[in-house]
Structures are given as structure tokens and as C-alpha cells.
Amino acid sequence: MSDDKKQILYSGMQATNTLTLGNYLGALKNWVNLHNDYECFFGVMDLHSLTVRQVPADFRKNARSLFALYVAAGLDPVDNCIYFQSHVSAHAQLAWILNCFTYMGELSRMTQFKDKSAKHEDNVNAGLFTYPVLMAADILLYQTDVVPVGKDQKQHLEITRDIAERFNNIYGDVFVIPEPYFGKSGARVMSLQEPEKKMSKSDENANATVLLLDDRDTIIRKFKRAVTDSDTEIRYDPEAKPGVSNLIEIYSAITGKNYDEVSAEFAGKGYGDFKIAVGETVADELAPIQKRYEEIMSDKALLDGWIGANDARAAKAAFKTLGKVHRKVGLTDLIR
Ligand code: TRP
């Protein structure tokens with residue numbers, strides 16, 4: 001039997017995200033495509049979100065909403081363990097222990113720490129600094145084999161591997177060393193207004209970003225207004241034609257057609273028609289997800305049931321690793 005034991009996949013998103021089309025095509029849809037091949041854990045990373053000040057009522061709602069969106073997008077909460085990071089105390093416990101195996105110097109070199117501390121100058125807290133250690137704990141607790149991550153998280157995965165190797169060198173094989181997932185990776189969706197920039201929920205121009213919960217008319221309107229170029233050719237060339245290439249990328253990620261097939265499909269058509277077609281395709285893709293999302297959010301008992309069951313399932317796996325760590329470092333045994 002052990003031959004067909006599936007490898008473990010771990011990923012998650014911060015609980016504060018108002019998800020954008022970029023989060024969906026770059027990560028979530030990719031997870032849905034992968035989830036049958038792995039035993040999966042998907043965290044709602046609410047502890048990480050506390051590194052930035054949150055409005056409590058909104059935060060609580062967003063975290064539940066993210067859970068519901070994972071499910072609505074196609075991750076079955078029975079086949080997959082979808083859970084709240086803050087509900088499994090082993091994350092914070094292991095993070096503390098790993099803090100003692102992580103150096104100030106390596107954390108100071110994290111580009112995300114540098115960026116975020118520049119952005120939140122008034123609140124450069126210790127959590128922001130040790131953010132990667134908590135992320136290492138997330139991943140290592142589940143003996144993860146693969147982590148699908150975007151480019152911006154690559155450095156965090158590298159430090160996770162460094163910490164795990166350092167620990168294993170001292171105590172023996174405690175942690176599986178996780179690999180980044182570089183298979184058929186998700187799409188990189190750019191701003192519809194400034195296609196040189198990544199699509200971001202914090203963009204000041206609302207037309208730049210398509211939200212996962214935008215209604216059909218809004219989606220199509222945003223695509224109609226998408227920036228293209230003065231040429232007329234629908235061709236993938238992110239350097240010379242970033243706007244058009246971004247639309248091709250989006251269309252391709254949803255339809256599964258490659259760039260050449262997309263160009264061929266729209267050969268001889270104008271940008272106007274192309275933009276509407278992409279908008280409609282996106283709206284069609286998101287409609288069933290939005291419907292399912294509304295159903296889940298309106299059924300509190302159903303959602304609570306999934307949350308309770310999966311918190312327990314995550315805790316079982318996580319505490320197994322934490323128990324091992326306790327024994328290795330010489331902390332007294334965990335009695336659970
Ligand atoms: N830091 C990740 C992000 O902002 C979220 C995250 C936290 C994560 N812990 C993780 C992703 C563990 C993958 C694995 O996108």
C-alpha cells in the first residue's frame with residue numbers, strides 16, 4: 001500500500017485577502033487542478049495577517065469568507081484539509097521553537113520583510129520580522145513534500161528548507177524537506193490598467209483589478225476598459241505588448257488553450273471584441289463559484305461543521321510532528 005501513498009501538498013493564503021482574479025488564476029485554480037494527486041492541506045493563514053493591524057469584525061468575516069472561497073472554487077473540504085491556522089496551536093508552538101534555530105541575519109535579508117517594513121513604517125513589529133519562521137512551521141508541521149508558491153514566496157520556502165535542514169542536522173530526520181512546486185504553474189495576472197504591474201487588491205484604480213466576487217457587468221466593464229496598445233495584433237509578447245499579453249494569459253489560463261491557439265482564434269478581430277470575449281469568459285468561469293460561495297456563506301451550520309472537523313484533522317497531523325520535536329529537543333512529552 002505504501003507505494004501509492006500520496007505525497008503531501010501544503011499551501012495557504014493570508015486571511016485578509018479580498019481575492020482577485022490574480023489570486024484565483026495564480027494559486028487557487030492551480031490547487032484545484034492539483035488536489036487529486038496529493039494529500040492536501042490548505043490553511044487560512046490568519047496568524048500571518050495579524051502582522052498588519054486588522055479591523056476585528058472585518059477580519060473575522062474575511063477569514064470565514066476565504067475558507068468558503070476555497071471550497072466554492074472546487075476544493076472539497078472532506079477530501080482536503082482546509083482549516084484555520086490560528087485554530088491549531090501547534091503552529092505557534094513550533095514557530096517559537098524554530099525561532100530559536102533561525103538567525104537575525106537571515107531574517108533581515110528577506111525581501112518581503114524589507115518591503116513590508118518600508119510600507120508599514122509605523123508598525124515594524126516582531127511578527128513581521130519572524131513571519132517566515134511561522135511559515136516554516138506551517139509547512140514543516142505537516143511533513144510537506146511540495147508547496148505550490150508564487151515567485152514572491154520563493155525566498156520564504158528557501159528559508160524553510162534551510163531551517164529544516166539545520167534542525168535535521170542536529171537531531172536527525174525530523175522534518176521532510178519541502179520542495180517548491182514548479183510544475184505547470186499558475187498564471188501571473190497583471191493589472192488591467194498598468195500591465196507592467198501585478199494585479200493587486202490594493203490598487204487605487206478600481207478598474208485595474210478584477211475581484212473574485214465582482215458581478216458579471218462589473219467584470220465585463222473592467223475588461224472593456226483594459227489598457228492595450230496602439231497596434232492591432234492579438235499576439236503574446238509581454239515585453240512589447242504587455243496589456244494584450246495579459247489578456248491572452250488570462251484567457252489561456254481559463255480555457256486551457258495555449259497562446260498560439262488564442263492568437264489564431266482572434267486573428268483578424270479587433271481589440272474591442274477580444275476584450276469582451278475575455279471578460280465574458282472570466283464572468284462565466286466565476287459565476288458558479290460565486291453562486292456556491294453565497295450558498296456556503298448562508299449555511300452557518302454547514303460551514304461550522306467543516307471547520308470543526310478539519311481543525312481536528314489538522315491538529316492530529318500537526319501535533320504528531322510537534323510531539324516528535326519535543327522529544328528531540330528535550331522538552332517534556334506533550335500529553336494530549
Ligand atoms: N505567506 C504566504 C502568502 O502571503 C501565505 C502563507 C503562510 C503560506 N504560510 C504558508 C503559503 C505556508 C504556503 C505555505 O502568500
Side-chain angles (χ1 to χ4, degrees), residues 7-20 22-31 34-35 38-52 54 59 62-63 66-67 69-70 75 80-88 90-95 98-99 102 107 110-117 119-120 127-164 175-183 185-186 188-189 198-202 212 314 317-318 321:
Q7 285 205 313
I8 295 176
L9 179 149
Y10 191 95
S11 205
M13 290 183 198
Q14 283 210 38
T16 30
N17 282 359
T18 304
L19 293 198
T20 68
N23 300 121
Y24 174 68
L25 294 179
L28 200 45
K29 190 175 166 66
N30 207 27
W31 299 351
L34 287 170
H35 84 275
Y38 295 92
E39 182 185 344
C40 297
F41 292 87
F42 296 111
V44 172
M45 300 310 188
D46 48 359
L47 292 176
H48 277 114
S49 300
L50 282 178
T51 52
V52 175
Q54 303 295 337
F59 182 31
N62 283 342
L66 183 61
F67 189 112
L69 279 171
Y70 284 0
L75 299 172
N80 304 283
C81 184
I82 302 173
Y83 73 101
F84 292 95
Q85 181 190 33
S86 66
H87 293 192
V88 179
H91 287 254
Q93 292 169 273
L94 182 62
L98 296 181
N99 268 326
T102 307
L107 290 176
M110 294 287 118
T111 51
Q112 196 170 78
F113 171 68
K114 291 189 230 170
D115 292 349
K116 284 198 182 168
S117 34
K119 224 165 112 189
H120 302 278
L128 207 54
F129 190 62
T130 60
Y131 181 112
V133 184
L134 179 59
M135 184 158 158
D138 300 338
I139 296 168
L140 299 176
L141 274 176
Y142 297 89
Q143 303 294 352
T144 302
D145 296 293
V146 289
V147 187
V149 279
K151 241 195 196 153
D152 58 334
Q153 297 297 317
K154 239 182 93 188
Q155 205 183 20
H156 287 162
L157 195 66
E158 280 158 18
I159 196 174
T160 299
R161 290 167 55 90
D162 291 344
I163 296 169
F175 298 123
V176 169
I177 309 297
E179 300 285 341
Y181 180 83
F182 287 131
S185 64
R188 188 170 153 81
V189 178
K198 214 174 134 178
M199 182 178 282
S200 157
K201 60 161 176 159
S202 47
L212 211 51
T321 302

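Scope of the values below: all heavy atoms of this structure, side chains included, with no hydrogens, waters or symmetry mates. In each ligand, atom 1 is the first atom listed, and ligand 1 is the first ligand listed.
With 3.5 Å as the limit, one finds no donor-acceptor pair spanning the side chains of Gln112 and Asp152. Side-chain contact, Gln155 with Thr111: a donor N or O sits under 3.5 Å from an acceptor N or O. Asn23 and Thr20 share a donor-acceptor pair across their side chains, judged by distance under 3.5 Å alone.
The two residues Leu128 and Lys116 make their nearest non-hydrogen contact at CD1-CD, 3.9 Å. Of all heavy-atom pairs spanning Met13 and Ala27, the tightest one is CE-CB, 3.8 Å.
Pocket lining of ligand 1, defined as residues with a non-hydrogen atom under 4.0 Å away: Tyr10, Ser11, Gly12, Gln14, Met45, His48, Tyr131, Met135, Asp138, Ile139, Val147, Gln153.
Side-chain atoms of Asp46 come within 3.5 Å of backbone N or O of Ser86 as a donor-acceptor pair.
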